[in-house]
**Q** 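Provided herewith is a single structure, encoded as structure tokens, for subsequent inquiry.
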Amino acid sequence: MKITKQQQQQPLFFSVKFLLLSLALTTTTLAQLPPTQPAPSPPTTTAPSPGFSTVPLVPVSPSGAPIAAAPKAPTIDIIQILKKAKRFSVLIRLLETTQLINQLNSQLVTSGSGGLTLFAPEDTAFSKLKPGFLNSLSDRKKVELLQFHTLSSFISISNFDTLTNPVQTQAGDDPQRLQLNVTTYGGSQVSMTTGAVNASITGTVYTDSKLAIYQVDKVLLPLDVVLPAKAPAPAPGKAKADKTKPSSSSSSSSGEGKASPTEGSSNGGESKGMWMGVVLVVVVGVTTIIG
């Protein structure tokens with residue numbers, strides 16, 4: 001049987017065809033498989049360089065959201081307010097030299113404080129005082145004068161009619177020597193009297209919810225500063241002793257006119273002794289003569 005050349009090539013053809021078919025099936029299967037992901041590499045940590053701060057500038061909350069910084073409460077400086085007004089240089093100097101300004105600013109930032117009301121005499125008001133008056137005051141009187149211009153609560157210009165006279169200031173509550181009486185007209189005009197001076201509010205320098213500064217046309221002089229200090233009364237026991245004790249001049253004059261009993265008895269004893277001596281001498285002489 002003779003094998004033709006065509007018959008010899010048929011097995012080779014089927015082998016190649018089977019190989020191509022197997023290759024096609026393998027490619028299709030691989031294409032349908034999900035792609036493989038590379039394994040994550042471990043995180044690398046680098047040491048911070050010297051002098052580098054690892055603390056974040058903005059604090060971060062546990063959830064990752066940045067924490068908003070709490071806003072600071074605005075500070076109120078009475079001196080800066082008065083300086084901006086440019087007509088209270090004498091008042092500023094008194095507040096600074098007595099150091100009362102530190103106490104007033106501290107009261108404004110204290111929690112629970114009712115605020116402050118300050119009556120501010122302008123420079124022309126101080127010029128109306130007697131020359132040398134401020135220099136004649138002691139440091140304690142200067143502090144008292146400034147405290148007499150300050151109320152320990154915030155009073156708006158429309159609420160002065162709610163005050164009870166005499167109004168108590170930071171200088172004290174003596175109704176006689178530290179009296180301040182307030183009168184309002186029409187809700188916005190305010191006048192004050194201290195017993196030594198009458199003044200009026202002529203304008204508002206500054207006002208907010210805690211501090212009110214009002215300009216006044218005169219320095220509020222309390223009677224305690226104007227009147228001389230009272231002399232202390234003498235003790236009752238000492239006055240009585242001085243009244244009953246005789247004076248040295250009267251004693252000496254009475255002694256010249258009348259001898260004391262002791263002096264008289266002394267003179268009488270001397271005379272009696274002298275006469276007894278005379279009698280004794282006479283008796284002895286007579287006895288001698290007789291004998």
Side-chain angles (χ1 to χ4, degrees), residues 75-110 113-157 160 163 165-182 190-208 210-229:
T75 57
I76 302 175
D77 192 338
I78 296 176
I79 293 296
Q80 294 301 322
I81 295 173
L82 294 176
K83 284 183 177 179
K84 289 182 179 179
K86 298 181 179 180
R87 54 183 180 273
F88 300 101
S89 59
V90 179
L91 179 59
I92 292 173
R93 185 172 68 250
L94 287 174
L95 289 172
E96 291 179 337
T97 55
T98 59
Q99 298 184 359
L100 183 64
I101 187 60
N102 299 331
Q103 175 185 336
L104 298 180
N105 284 332
S106 175
Q107 290 178 356
L108 287 176
V109 298
T110 302
S113 172
L116 288 174
T117 299
L118 177 64
F119 301 114
E122 55 184 346
D123 293 337
T124 56
F126 281 101
S127 65
K128 298 175 184 177
L129 297 176
K130 182 180 178 181
F133 174 77
L134 291 178
N135 294 332
S136 66
L137 298 179
S138 63
D139 292 340
R140 185 183 67 84
K141 287 294 184 181
K142 289 179 182 178
V143 172
E144 182 180 286
L145 178 63
L146 294 173
Q147 290 178 332
F148 193 68
H149 289 72
T150 310
L151 307 182
S152 297
S153 59
F154 169 78
I155 306 296
S156 65
I157 193 65
F160 275 97
L163 299 178
N165 290 323
V167 178
Q168 182 174 345
T169 67
Q170 288 193 352
D173 57 354
D174 189 339
Q176 298 299 325
R177 304 180 67 86
L178 296 171
Q179 59 174 309
L180 178 65
N181 296 312
V182 176
V190 181
S191 62
M192 293 167 286
T193 178
T194 68
V197 66
N198 298 326
S200 300
I201 293 179
T202 57
T204 300
V205 181
Y206 178 86
T207 182
D208 61 14
K210 297 197 67 175
L211 174 64
I213 302 178
Y214 300 109
Q215 176 179 318
V216 291
D217 58 351
K218 293 181 182 179
V219 180
L220 304 179
L221 297 176
L223 291 176
D224 192 49
V225 173
V226 177
L227 297 179

**Q** Determine yes or no for a side-chain-to-main-chain donor-acceptor pair under 3.5 angstrom, with S106 supplying the side chain and Q103 the backbone.
**A** no
**Q** Do D217 side-chain atoms and S200 backbone N/O form a donor-acceptor pair below 3.5 Å?
**A** yes
**Q** Measure from the side-chain N and O atoms of D224 to the backbone N and O of L178, and report whether any donor-acceptor pair falls under 3.5 Å.
**A**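 Side chain of D224 to backbone of L178, a donor-acceptor pair under 3.5 Å: no, none is there.
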**Q** Tell me, please, which residues at least two apart from S153 pass side-chain hydrogen bond (donor to acceptor under 3.5 Å, both in side chains).
**A** none
**Q** Can I get a per-line list of side-chain donor-acceptor pairs under 3.5 Å for residues 131-139, giving both atom names and the distance, sequence neighbours left out?
**A**
| from | atom 1 | to | atom 2 | distance (Å) |
| --- | --- | --- | --- | --- |
| S136 | OG | F133 | O | 2.5 |
| S138 | OG | K141 | N | 3.3 |

**Q** Between H149 (side chain only) and A120 (backbone N and O only), is there a donor and an acceptor less than 3.5 Å apart?
**A** no
**Q** Atom CD of residue position Q99 - does it have more than 12 heavy atoms of other residues, nucleotides or ligands inside 6.0 Å?
**A** no
**Q** Mind checking what makes side-chain hydrogen bond (donor to acceptor under 3.5 Å, both in side chains) contact with T207, not counting sequence neighbours?
**A**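 If we apply the side-chain hydrogen bond (donor to acceptor under 3.5 Å, both in side chains) test to T207, skipping adjacent residues, there are no hits.
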**Q** Look only at the side chain of T117 and the backbone of I155, and say whether a donor-acceptor pair between them is shorter than 3.5 Å.
**A** yes
**Q** Short question: side chain of T194, backbone of L221 - any donor-acceptor pair under 3.5 Å?
**A**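 Indeed, once roles are kept as given, a pair shorter than 3.5 Å links the two residues.
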**Q** Checking L108 against L116 for the side-chain contact (heavy atoms from CB on, under 4.5 Å) test, could you report, in this order, the C-alpha distance in whole Å, the side-chain angles of both residues, the deciding distance, and whether it holds?
**A** CA-CA 7 Å; L108 287 176; L116 288 174; 3.9 Å; yes
**Q** Which heavy atom of Q215 sits nearest a heavy atom of F88, and at what distance?
**A** OE1-CZ, 3.8 Å
**Q** I need the N105 CG to I79 CD1 distance, nearest 0.5 Å.
**A**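 That separation rounds to 7.5 Å.
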**Q** To the nearest 0.5 Å, what is the distance between CD1 on I157 and CD1 on I201?
**A**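 Atom-to-atom, I157:CD1 and I201:CD1 are 4.5 Å apart.
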**Q** Can you name the closest pair of heavy atoms from L220 and L145 and give their distance?
**A**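 Where L220 meets L145 most closely, the heavy atoms are O-CD1, 3.5 Å.
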**Q** Atom CG of L91 and atom CG of L118: how far apart are they, to the nearest 0.5 Å?
**A** 6.0 Å
**Q** So, using ring-ring contact (aromatic ring centres under 6.0 Å, His included) as the criterion, who are the partners of F160 when residues are at least two apart?
**A**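 Testing F160 for ring-ring contact (aromatic ring centres under 6.0 Å, His included), a comparison that skips the adjacent residues, returns Y214.
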**Q** To the nearest 0.5 angstrom, please state how far the CG atom of L94 sits from the NZ atom of K142.
**A** 7.0 Å
**Q** Taking the side chain as C-beta and beyond, is there a heavy-atom pair between I213 and T204 under 4.5 Å?
**A**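 They are not in contact (no side-chain heavy atoms under 4.5 Å apart), so the answer is no.
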**Q** With distance as the sole criterion, is a donor-acceptor pair present between the side chains of Q107 and Q170 under 3.5 Å?
**A**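 Per modelled atom types, Q107 and Q170 side chains form a pair under 3.5 Å.
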**Q** Could you report the tightest heavy-atom contact between F154 and A212, atom names first, then the distance?
**A** CE1-CB, 3.6 Å
**Q** Can you give me the closest heavy-atom contact between N165 and L180, atom names plus distance?
**A**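 Minimum heavy-atom contact is OD1-O, 3.9 Å.
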**Q** Have a look at F119 and tell me which of T150, T169, V216 forms a side-chain contact (heavy atoms from CB on, under 4.5 Å) with it.
**A**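 Filter result, single survivor: V216.
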**Q** What are the two closest heavy atoms between Q179 and N181, and how far apart are they?
**A**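 Residues Q179 and N181, closest heavy atoms: OE1-ND2, 3.5 Å.
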**Q** Sequence neighbours excluded, which residues qualify as side-chain hydrogen bond (donor to acceptor under 3.5 Å, both in side chains) partners of T193?
**A**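 Here the qualifying residues are N198.
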**Q** Can you list every salt bridge (Lys or Arg N to Asp or Glu O under 4.0 Å) pair that touches residues 80-99, not counting sequence neighbours?
**A** none
**Q** Below 4.5 Å, heavy atoms only, C-beta onward: do Q147 and L100 meet side chain to side chain?
**A** yes
**Q** Counting C-beta onward and ignoring hydrogens, is there a side-chain heavy-atom pair between V109 and I76 closer than 4.5 Å?
**A**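 Heavy-atom side-chain distance check fails, nothing below 4.5 Å.
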**Q** Atom CD1 in I81, atom CD1 in I92: separation rounded to 0.5 Å?
**A** 10.5 Å
**Q** Can you tell me if D123 uses its side chain to pair, donor with acceptor, with the backbone of S89 under 3.5 Å?
**A** yes
**Q** If I compare all heavy atoms of K218 with all of A125, which pair ends up nearest, and what's the gap?
**A** CA-CB, 3.8 Å
